[in-house]
Structures are given as C-alpha cells and as structure tokens.
2 protein chains.
Amino acid sequence: MNISTKSEYGLRALIHLASNTGREALPAREIGERWHVPVKYLEQILTALKEAGIVESQVGASGGYRLARPATLITAGEVIRVLDGRLAPVGCVSTYDYEPCEFEPACGLKTLWARTRAAIIGVLDQTTIADLCIPPKPQKLVVLKTASK
Amino acid sequence: MNISTKSEYGLRALIHLASNTGREALPAREIGERWHVPVKYLEQILTALKEAGIVESQVGASGGYRLARPATLITAGEVIRVLDGRLAPVGCVSTYDYEPCEFEPACGLKTLWARTRAAIIGVLDQTTIADLCIPPKPQKLVVLKTASK
DNA sequence: TGAAATCCTAGAGAAACGATGGACATTGTC
DNA sequence: GACAATGTCCATCGTTTCTCTAGGATTTCA
C-alpha cells in the first residue's frame with residue numbers, strides 16, 4: 001500500500017508552487033533544491049503534471065512552473081492518479097482503471113477492496129493542495145520556564 | 001496503492017480454510033487448484049501465515065493447513081501486514097514499521113498520510129476472515145417469471 | 001515401502017522504481 | 001547577436017521488488 005516517491009515529490013512541488021503566489025514562475029531547480037528532489041527527475045514529474053493540466057510551464061530564461069488552477073481546485077487524489085496510477089487497491093473496484101477479475105461478482109474480497117477504495121478516496125479526493133499548505137498544529141506544547149524561580 | 005497478489009492469494013486461502021470447518025486439514029494443492037494459485041507459491045504464503053500464528057500446519061500424508069484461530073479473530077489487516085508489510089502509505093505515519101522523515105514534524109503531507117492510513121486501517125482492521133466468507137448480496141435482483149401467463 | 005504432504009533454500013524472469021544524461025528549443029538580458 | 005538559464009524530449013540504466021519456478025529433504029500415514 002505504498003505511495004511512491006513520485007507522488008510524494010509531486011505533491012511537495014505543488015505545495016511549494018501554491019505557497020509562492022507572489023512570483024510568476026518557479027524553476028524546477030529551485031523546488032528540487034528546497035525539497036531534496038533530483039532536478040531531472042522532478043522535471044519529468046512536472047511534465048506529467050503539465051500534461052494533466054495541473055501546472056503550466058514557461059520556457060526560457062526566468063521560466064519555470066506555476067499552478068494552472070487555484071490550489072483549492074487541485075486534489076491530492078488527482079495528483080496521485082496522474083503520477084502513481086489508480087487509487088483503488090485492485091483493478092476490479094476501480095472506476096478510472098477498471099480491470100475485470102475472474103471471480104466476479106460472487107467474490108468475498110471485492111467488497112473489502114471496494115470499502116478500502118472508498119476510504120482512501122474519501123481522504124485523498126477531499127484534500128486539496130491548499131489544505132496541505134496550512135502547517136499542521138504542533139504535536140507537543142512546549143512549556144516555557146516560569147519566571148517564578 | 002496496490003495490494004499484491006500475495007495478500008490476495010493469502011486472503012483467498014484463509015477464506016477457503018474458514019469455509020471448510022468440517023475437515024481436518026486442507027492441503028495447499030487443493031486450495032491452489034480451486035483459486036488458480038500456483039501451489040508452490042501458495043506454500044510460501046501459507047508458511048508466512050504459519051509463522052505469524054494465523055494458520056497451523058500438519059506435515060505428512062493427509063496433512064495440510066487449518067486456521068490457528070476462529071475466523072472471527074483474524075483480521076484482513078493482520079494478514080496483509082504479514083504478507084505485504086505495513087498498511088500505512090509511508091513510513092512516517094506507521095506504528096508497526098515507523099521510519100523517520102527529514103521534514104517532520106512540520107510537514108504538510110504527514111497529516112494527509114496519517115488520515116489516509118487511518119482510513120485504510122479503519123476498514124482492514126475491522127474486517128475479519130469470517131466477514132469475508134459471507135457471500136455479498138446480489139447486485140441485481142433476478143425477477144422470476146410469474147406463473148400468471 | 002511408497003505416496004502425499006510440508007519444509008527449506010535458491011534463483012530466474014519481468015516489471016517497476018528512481019533516477020541520470022545529453023541534445024535541442026526557447027526566452028530574456030547584456 | 002551572444003550567452004546563460006530554462007523547459008522539452010528521448011534514451012538508458014542500475015536496483016529492487018514481485019511473482020513464480022525448481023529441486024530436494026523431511027515427515028506422516030496406509
């Protein structure tokens with residue numbers, strides 16, 4: 001049930017682009033250096049995202065990438081589908097990439113996979129890049145030394 | 001986000017064992033033939049399940065495998081963890097197989113992965129082999145010809 | 001004794017993963 | 001116009017993982 005580094009890198013890049021609305025286009029090099037992603041590999045990822053209509057690119061000096069839509073309209077699920085393929089754990093319960101199975105329809109597992117898929121999609125298709133830009137709440141409260149001592 | 005055939009085969013084998021409570025031990029050959037699983041591959045899978053305490057084996061002629069516990073006490077999540085590894089999509093949100101990540105704790109993605117993991121676990125750890133033995137409700141109602149003609 | 005099983009180890013073959021490299025086209029700046 | 005920075009495109013490559021195969025040793029029962 002692993003997410004590939006490809007999706008991980010792609011999401012990081014989109015978060016980076018969404019957080020830098022002030023500037024026009026960001027080069028892949030800058031994103032790669034910030035997030036420790038091999039630049040040439042990142043280019044491939046961004047190219048895939050461009051073909052999917054998620055980012056736009058600008059060639060030439062001072063070129064780079066920018067979001068093709070507001071970050072609120074790009075879901076994590078869409079990004080992962082582009083980079084990693086289907087979200088469903090098996091083909092027989094996928095709508096985007098359905099593959100028949102010899103044991104359908106009387107298959108005890110199909111129900112399990114369908115529920116799993118629904119659970120995954122419920123999270124990934126409801127979360128947008130904008131949601132991911134909000135820093136998470138701190139896990140621990142740091143208790144400051146009191147001045148009473 | 002794929003489930004491997006290993007887990008698929010393992011779950012099928014367990015469903016098969018759970019559905020045949022009358023007999024003592026079932027040989028891997030019988031399960032493999034019924035579910036189109038290569039027998040030698042299935043042996044490896046059943047060995048892993050044995051080491052995990054999910055099935056028991058009996059060596060020798062008329063030997064085979066049986067569940068080590070009632071099917072109601074074996075969850076799909078446990079089986080998949082044994083055969084496929086962790087259920088979490090990335091190591092940084094796994095409790096069974098935690099791996100640190102350089103961007104913790106201020107990582108926008110961690111929250112997403114944690115929610116995804118929770119959603120997956122919510123399904124897989126709540127479903128038992130016994131649940132999977134119940135045939136799913138028919139998708140379509142077949143309307144019988146009435147005798148009125 | 002022999003057939004039918006599990007047990008154990010090794011490894012082949014293919015696919016996926018995670019990059020790397022180079023040539024080329026485009027753009028902005030000096 | 002030269003040049004540097006950038007995206008585009010295509011090819012390749014090493015490693016790991018997945019799926020399955022192979023062969024033999026051991027145990028058990030009739």
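Every chain is numbered from 1, with letters handed out A, B, ... down the list of sequences.
A heavy-atom distance below 4.5 Å is found between the side chains of A:Leu11 and A:Ile129.
Between B:Lys50 and the phosphate of C:dC7, there is a side-chain N or O to OP1/OP2 separation shorter than 4.0 Å. Put simply, A:Tyr9 has a side-chain N or O that comes within less than 4.0 Å of OP1 or OP2 on C:dA19. At C:dA5, one or more side-chain N or O atoms of B:Arg29 fall inside 4.0 Å of OP1 or OP2 (strictly under the cut-off). Taking only side-chain nitrogens and oxygens, B:Thr47 never comes nearer than 4.0 Å to OP1 or OP2 of C:dC8.
Ranking D:dC29, D:dC20, C:dG18 by closeness to the A:Thr5 side chain, first place goes to C:dG18. For A:Tyr41, the side-chain atoms get nearest to C:dT20 when compared with the rest of D:dT28, C:dT20, D:dG7. Taking every side-chain heavy atom of B:Pro38 into account, D:dT21 is the closest of D:dT19, D:dT21, D:dG7. The side chain of A:Ala61 lies closest to D:dA4, out of D:dC29, D:dA4, D:dT21. Side-chain atoms of A:Glu43 lie closest to D:dC9 of the nucleotides D:dT19, C:dC7, D:dC9.
A straight line from CD of A:Gln58 to P of C:dA25 spans 20 Å, rounded to a whole angstrom. Rounding to whole angstrom units, CD of residue A:Glu33 and P of D:dA5 are separated by 13 Å. Regarding B:Leu49, its CG atom lies at a distance of 15 Å from the C1' atom of C:dT6, rounded to whole Å. Whole-Å rounding puts the A:Leu46 CG to D:dG7 P distance at 8 Å. Atom C1' of nucleotide C:dT27 and atom CD of A:Glu24 are separated by 14 Å, given to the nearest angstrom. The distance from atom NZ of B:Lys40 to atom P of D:dA25 is 13 Å, rounded to the nearest whole Å. At whole-Å resolution of the value, CD1 in B:Ile45 and P in C:dT6 are 13 Å apart. In this structure, A:Leu42 places its CG atom 12 Å from P of D:dT8, rounding to the nearest Å.
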Is there a side chain to side chain contact (heavy atoms under 4.5 Å, CB included) between A:Leu87 and A:Ile80 once you walk through the steps? CA-CA 8 Å; A:Leu87 301 182; A:Ile80 297 171; 3.6 Å; yes

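The hydrophobic cluster containing A:Phe103 also contains A:Leu109, counting ILVMFWY residues as joined when their side-chain heavy atoms lie under 4.5 angstrom apart, directly or transitively.
Of the possible donor and acceptor atoms, none in the side chain of B:Glu30 sits under 3.5 Å from a partner among the backbone N and O of B:Pro27.
Nearest-nucleotide mapping onto DNA chain C: of B:Gly60 and A:Ile3, the residue sitting toward the 5' end is B:Gly60. If you find the closest nucleotide of DNA chain D to A:Ser62 and to A:Glu51, the one lying nearer the 5' end belongs to A:Ser62.
Side-chain contact of A:Arg66 with A:Asn20: a donor-acceptor pair under 3.5 Å is absent, judged by distance alone.
Among the protein residues, A:Gln44 comes within range of the nucleic acid bases, having at least one heavy atom under 4.0 Å from a base atom.
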